[in-house]
Amino acid sequence: MTFDYNHPFLNGETKKLWIGGEWVEARSGETFECMDPSRGEAATLVSRGGPDDIDAAVAAARSALEGEWANWTPVDRQALMHKVAQAIDDRFEDLARIESIDMGAPLSRTALFRAWVKRTFNYYAALAASTRGDVFSNSAPGKFMAYSHKAPVGVVGAIIPWNGPMITQFWSICPTLASGCTLVLKPAEEAPLSTLMLAEIMHEAGVPAGVINVVPGPGPTAGNALASHMGVDKINFTGSTLTGRKIIEASASNMKRVALELGGKSPDIVFADADLDAAATGAAMACFANTGQICFAGTRLFVERSIYDDFVERVAAVGKMLKVGPALSDDSQLGPLTSQAQFDRVNRYFNAANADGARLVTGGEPLDIGGGYFVPPTVYADVSNDMTIAREEIFGPVLSAIPFDTEEEAIALANDTVYGLGGGVWSRDVGRVHRVAHAIKTGMVWANCYGVTDPAVSFAGTKQSGYGVKGGPYAIEEFQTAKTVWINMG
Ligand code: NAI
Ligand code: MG
């Protein structure tokens with residue numbers, strides 16, 4: 001299979017860092033190969049950012065924060081956001097294609113982000129112009145008025161993973177522009193290309209130099225330099241729980257604000273009274289979408305025992321029907337895993353499942369498709385909630401199906417995890433839907449659907465899935481600090 005790899009952004013030149021409104025080489029002169037996981041080959045070379053480059057980017061962001069950008073009114077920023085949204089929309093096909101080449105999601109998926117990105121800009125643009133403060137009634141002796149207004153928190157560092165930069169980066173870019181902050185974005189080495197391409201598009205649309213900077217580089221060096229930097233006021237991190245813990249430690253340097261969206265092992269509970277056709281497709285896609293590389297993937301499927309065998313077969317049948325193939329192939333529904341490391345990791349979990357005695361229903365071994373990192377949708381039955389595959393975040397299309405007898409047991413099993421990101425419940429009993437949704441200890445629960453998101457609705461984790469809100473009216477406050485002023489009216 002060969003596909004057309006011509007792309008305006010892949011011109012054979014090394015992709016540089018975007019700092020202060022310019023392309024610059026890494027201070028070390030080092031580069032790394034940015035892989036195309038569908039082929040297992042390098043797509044391009046990228047400059048490898050390190051601590052010195054992070055220093056330069058933070059300096060550029062600080063100087064922009066304290067420069068002309070500080071004088072932009074909310075309506076100026078709102079208008080800019082609409083222009084940027086249009087510029088992104090005009091180039092969307094190229095962006096979707098670069099994302100597909102870089103991280104492996106098929107075009108059938110990355111093309112879907114178009115409407116979502118537009119909505120996100122529109123929503124945050126509305127917030128940009130509708131921020132307000134408070135006047136507090138108070139009983140301090142004397143005559144005082146106290147009010148607070150919302151100031152931008154300052155220089156924000158965003159560290160994002162590789163499983164969907166075309167969504168994740170906007171959770172930082174949009175509130176940065178809306179609030180008047182500035183940003184240093186460190187994409188993952190596995191998938192930096194859409195973020196780099198976007199930097200230039202946004203600049204051409206009028207984002208001032210230094211307001212958004214992009215420095216790809218390794219986590220332990222570039223990422224750590226950003227998280228520990230004395231000149232960064234807040235870190236927005238999305239990634240693994242393990243690294244999230246390191247981010248908190250690094251942030252202690254200057255006690256910067258931190259928001260963390262981390263891993264998950266989300267439960268999806270199917271009762272016998274559900275619409276089982278809808279539930280089978282929904283439960284399959286809750287786990288298999290994006291080849292299982294989604295933080296809120298519903299990877300623990302709890303099924304009422306009376307329908308267990310039949311339902312597990314139905315979910316496996318959906319998995320078998322999904323077309324796995326290269327990202328640029330028009331008929332691919334699932335692409336490869338994003339990296340060799342991820343491929344090795346998922347294969348280790350196949351071995352762990354076998355060793356623990358789980359019953360393989362479908363999948364369970366790698367696919368040989370043109371050198372890429374392919375694995376099939378995989379279902380294990382007769383899994384117990386204490387097996388490795390039911391406890392650890394795999395980040396691959398691997399579903400653990402676990403039977404239950406009562407609602408109480410399903411809830412207890414669902415909550416028996418260190419994570420608390422997503423969850424699902426499938427039932428026609430409206431009382432039960434609400435009971436279970438309330439009882440599952442996660443930031444989000446979907447009933448008779450799974451994984452719906454919208455920028456206007458809050459998205460957040462609990463427990464070891466992290467803290468800090470994306471989306472919804474509170475999200476912009478994560479990028480603001482309330483400043484109180486006392487006036488002596490005596
Ligand atoms: P990771 O959490 O280490 O990487 C995410 C981002 O953090 C990348 O930009 C990386 O460069 C950066 N990073 C890594 N170490 C850092 C450090 N010490 N300081 C600052 N930044 C650092 O995840 P990785 O290694 O790419 O994937 C391993 C596993 O993590 C996956 O198999 C998956 O289970 C989980 N993961 C979960 C994600 C989620 O959204 N829930 C996203 C990515 C990975
Ligand atoms: Mg790549």
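First listed ligand is number 1; within each ligand, the first listed atom is number 1.
Scanning the protein for heavy atoms near atom 31 (C) of ligand 1, the closest one is Q342 OE1, 3.7 Å. Looking only at heavy atoms of the protein, atom 30 (O) of ligand 1 is closest to S240 CB, 3.0 Å. Scanning the protein for heavy atoms near atom 35 (C) of ligand 1, the closest one is E393 OE1, 3.3 Å. Scanning the protein for heavy atoms near atom 40 (O) of ligand 1, the closest one is C295 CB, 3.4 Å. Counting only heavy atoms of the protein, atom 38 (C) of ligand 1 lies nearest to F395 CZ, 3.3 Å. Nearest protein neighbour of atom 7 (O) of ligand 1, counting heavy atoms only, is F237 CE1, 3.3 Å. Of all protein heavy atoms, the one closest to atom 15 (N) of ligand 1 is T243 CG2, 3.4 Å.
Contact of the L260 side chain with the I248 side chain is registered, since non-hydrogen atoms from C-beta on lie closer than 4.5 Å.
At under 3.5 Å, a nitrogen or oxygen of K186, whether backbone or side chain, sits near a nitrogen or oxygen of ligand 1. By the 3.5 Å distance cut-off applied to N or O atoms, P218 is not counted among the residues near ligand 1.
Listed by number with element, the atoms of ligand 1 under 4.0 Å from a non-hydrogen atom of I160 are 6 (C), 8 (C), 9 (O). If you number the atoms of ligand 1 from 1 as listed, the ones under 4.0 Å from a heavy atom of I159 come out as 6 (C), 7 (O), 9 (O), 12 (C), 20 (C), 21 (N). Of all atoms in ligand 1, numbered sequentially from 1 with element shown, those under 4.0 Å from a heavy atom of G223 are 19 (N), 20 (C), 21 (N). Atom numbering of ligand 1 starts at 1 in the shown order; those under 4.0 Å from a heavy atom of A188 are 8 (C), 9 (O). Taking a cut-off of under 4.0 Å to the non-hydrogen atoms of G263, the atoms of ligand 1 that pass are 41 (N). For ligand 1, the atoms closer than 4.0 angstrom to any heavy atom of K246 are 18 (N). Each of the atoms 41 (N) of ligand 1 lies under 4.0 Å from some heavy atom of L262. Here is the list of ligand 1 atoms found below 4.0 Å of a heavy atom in P161: 42 (C), 43 (C).
The existence of a salt bridge linking R27 and D52 is excluded, since no basic side-chain nitrogen approaches an acidic carboxylate oxygen closer than 4.0 Å. We find that D268 and R300 are not joined by a salt bridge, their nearest charged nitrogen and carboxylate oxygen being 4.0 Å or further apart. A salt bridge does not link R257 with D233: every distance from a Lys NZ or Arg NE/NH1/NH2 to an Asp or Glu carboxylate oxygen is 4.0 Å or more. Using a cut-off of 4.0 Å between Lys/Arg side-chain N and Asp/Glu carboxylate O, R39 and D36 are scored as salt-bridged.
R245 and Q464 share a donor-acceptor pair across their side chains, judged by distance under 3.5 Å alone. Under the 3.5 Å distance criterion, with hydrogens and angles disregarded, no donor-acceptor pair is assigned to the side chains of T31 and K15. Under the 3.5 Å distance criterion, with hydrogens and angles disregarded, no donor-acceptor pair is assigned to the side chains of W171 and E261. Side-chain contact check for E392 and Y349: at least one donor-acceptor pair (N or O, by modelled atom type) lies under 3.5 Å. Judged by distance alone, the side chains of D55 and H229 do bring a donor and an acceptor atom under 3.5 Å apart.
Because the distance cut-off is set at 2.8 Å, M103 fails to qualify as a neighbour of the Mg ion (ligand 2), as none of its N, O or S atoms comes that close. Residue contact annotation: D102 places an N/O/S atom under 2.8 Å from the Mg ion (ligand 2). For E189, every N, O or S atom stays at 2.8 Å or more from the Mg ion (ligand 2).
Counting only heavy atoms, the protein never gets under 4.0 Å from atom 25 (O) of ligand 1. Per-atom contact check: atom 4 (O) of ligand 1 does not touch the protein, criterion being a heavy-atom distance below 4.0 Å.
The shortest separation from a heavy atom of A227 to ligand 1 is not under 4.0 Å, leaving the residue out of contact.
Aromatic rings from F395 and W162 are positioned such that their centres are separated by under 6.0 Å. Aromatic pair F170/F121: ring centres closer than 6.0 Å.
Between the choices A297, G219, A158, the shortest heavy-atom distance to atom 19 (N) of ligand 1 belongs to G219.
Expressed to the nearest 10°, the angle at the Mg ion (ligand 2) joining O in E190 with O in M35 is 160°.
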Working for ring pair (Phe, Tyr, Trp, His ring centres under 6.0 Å), residues W446 and F296: CA-CA 11 Å; W446 290 278; F296 54 72; 5.1 Å; yes

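If you look at R345 next to ligand 1, the close heavy atoms, those under 4.0 Å, all belong to the side chain.
One distance of note links CZ of R348 with CD1 of I394; it measures 11.5 Å at 0.5 Å rounding.
For D331, the CG atom sits in a packed shell: over 12 heavy atoms of surrounding residues, nucleotides or ligands are nearer than 6.0 Å.
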